[in-house]
Every structure is written in structure tokens, then in C-alpha cells.
Amino acid sequence: MSQYIWRGVAVGMTEAVPGVSGSTVAMILAIYEKLIYNLSLLSTKHRKEALPFLVPFGVGMVVGFALSIVTIHLLLTHFRAPTLIFFVGIIVGFLPVLWQEGVKQAKRDYRLIDYIVMILFITVVVVASLFSDFNQIELTALAANDVIFLMVAGFVASTALVLPGISGALMLTILGIYELATASLVQMHWPVIFSIGIGIIAGVLFMSRLIQYLLNHYTQSTYAAMVGLVAGSIFAIFNTLSWVEVEQHFILSIVSGLLGFIVVSAMTRSMRGIR
């Protein structure tokens, strides 16, 4: 049982980091198929058989997620630029993996339509970053439109649960509310937590079949869209940074970016060894 708890901790910790998905870590720990199988049992009469695995694993995930959120919140508070650039390093390292996975799943190279989809989704993320004022949301005075936006953000972020290799944290980063979400969790600000949570639940219920349909029938275009989202998120992160912030921790920011890239490269090699 303890092995499932510790593996759950590892998966939970990565769920709070933009650019790294829990499914990727589950593959590295050789429990991805076991996790998917046990989750599938929940909708059958054999659901009790899944509990010896899912309960300790779930407890570990909660603990790991909580530890990660608190740590990231502290880092963003005191070392914001190096922390965000660490995320950029992770994303840059992950892009080739996602690209190759699209080729592997579709069993062919990307076509013109796929490149158009990539450019479209990069453009959407860039434009949304340039014209958004998401960071103006005040925790102490949520307006009705803020609540609606947070629900929509949770809805969109929920797609990461069924998109291979994409994390919910990355989706929240693209939408510009990752730091708001982490701060709300640490401070236990329930209006924000509930708003995002409701959106996530709704997204899981209504979007999972659509995403699975797109993956099954438009595999490479769906991966192209994911590549566009992930690539665009690099701009979204840098758009929230000022040169003053980077200059204050310039060397540390460079080191953290390289470290993020190295971490993902090591994880990629581990996955190739498993496969």
C-alpha cells in the first residue's frame, strides 16, 4: 500500500506544475495502465476491487498536490521570475515530445492543415495574453463576471484530464490565472476554489467524450492544436513578466530555465526506457 501512496505523491506534485502532466509521471512509475484500469472499474459493479489501489494512491496525490502548491506559491512570492522561467524550460523541453507523440499516434508526418491548426492556436493564446486583464481579478471582491470566467477557465482546464501530456496547470497558465489559483488554494479562498472546481467538474462530464472523439478521428490535428497551445503558453508566461523582475534574478532565472529543460529531458529518456 505504501508504494501506491508514494507514487500518488509523485503524480500529485507534478499536477501543480505547468508543462508536466500526471499521466507522464504515472508512465515513468509504471502505473499508468493500472491507474486507467482501476478508474474504469468505478463505473462497473466491480468498483470495490479498485479501492485498494485508488484510495492510497488518491491520498498520496492529495498530499503531493498540497505540498507542491504550497512550495510553488512560496517560490512565486519570493522568486517569481526564476520560477516562471523554470516552467518555460519545462515547456520548451516538452514540446518535441508532444510533437513526436502526434506523429507516432497518427503514424504519419504533419500535413499543411495541421500546421494551420498549430498557428491558429498559437495566435489564439498570444492574442488572449495581449488583450486580457485576468490578473486584475481581486480575491476580496469577486464580480459576477469574474465568477463566470473562473468557471469557464475550470471547464477549459478540465480537458487536460483527457488530453495526453497536457496538465491542468498549463491550461490555467495559458488563461492567465495560474498564480491566482495557487494563491487561492494556499489561502483557502473558497469562492475562487468553488468557481474553478465547478467548471472542472462540468468539463469532465461534458468534454471528455468530445476530446476522445477528436483524438480518435482527428488525431494529428488534435495534437497540432496541443502543440500550438503549449508553444503559445511560452509567450503567455513571458507576457506576465517584466524585465525588472528578470534582471533582479538574471543568473538564477537562466539556471532555473536550463534546470526545467534538463528535468523534462531526463523524464523523456525514462519514458523511452519504459516503452
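These numbers were taken from a predicted model, which means no experiment stands behind them. Along the sequence shown, residues carry numbers from 1.
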Minimal non-hydrogen separation, [X] against [Y], with atom names:
X    : Y    : value
D114 : S221 : OD1-OG, 2.8 Å
S184 : I193 : O-CD1, 3.6 Å
L76  : R80  : O-CB, 3.2 Å
M61  : E15  : CE-CG, 4.1 Å
L54  : N38  : CD1-O, 3.7 Å
T240 : E245 : O-OE1, 3.9 Å

Give the intermediate values and the outcome of side chain to side chain contact (heavy atoms under 4.5 Å, CB included) for residues I122 and F235.
CA-CA 9 Å; I122 291 174; F235 177 86; over 6 Å; no

Do [X] and [Y] come within less than 4.5 Å of each other through their side chains, counting heavy atoms only?
X    : Y    : answer
F87  : L170 : no
T71  : L75  : yes
V147 : F194 : no
V17  : S68  : yes
L150 : L180 : yes
S233 : I91  : yes
W243 : F250 : yes
F155 : I200 : no

If Ile, Leu, Val, Met, Phe, Trp and Tyr residues are connected whenever their side-chain heavy atoms lie under 4.5 Å apart, and connections chain through other members, are [X] and [Y] in the same group?
X    : Y    : answer
V263 : I254 : yes
F238 : V92  : yes
V63  : V186 : no
I119 : L112 : no
V255 : I262 : no

Measuring from atom [atom1] of [X] to atom [atom2] of [Y], what distance do you get when rounded to the nearest 0.5 angstrom?
X    : Y    : atom1 : atom2 : value
I116 : T123 : CD1   : OG1   : 11.5 Å
E101 : T219 : CD    : OG1   : 11.0 Å
I198 : M151 : CD1   : CE    : 4.0 Å
E179 : T77  : CD    : OG1   : 8.5 Å
F79  : S256 : CZ    : OG    : 11.0 Å
I237 : L84  : CD1   : CG    : 6.5 Å

Ignoring hydrogens and geometry, is there a side-chain-to-backbone donor-acceptor pair from T182 to I69 under 3.5 Å?
no

Under 6.0 Å from the OH atom of Y110, do we count more than 12 heavy atoms belonging to anything else shown?
yes

Establish, yes or no, whether a centroid distance under 6.0 Å links the rings of F53 and Y4.
yes

Under the side chain to side chain contact (heavy atoms under 4.5 Å, CB included) rule, what do I72 and M13 come out as? Steps first, then yes or no, please.
CA-CA 10 Å; I72 289 172; M13 291 182 72; over 6 Å; no

Run the numbers on V227 and V117 for side chain to side chain contact (heavy atoms under 4.5 Å, CB included), then give the verdict.
CA-CA 9 Å; V227 169; V117 170; over 6 Å; no

Does a donor on one side chain and an acceptor on the other come within less than 3.5 Å for S129 and N239?
no

Indicate whether any N or O donor in one side chain lies under 3.5 Å from an N or O acceptor in the other, for Q220 and R111.
no

Which class fits the ring pair W99 and Y115: parallel under 30°, tilted 30 to 60°, perpendicular over 60°?
tilted

Residue pair V9, F65: steps toward the side chain to side chain contact (heavy atoms under 4.5 Å, CB included) verdict
CA-CA 7 Å; V9 169; F65 185 79; over 6 Å; no

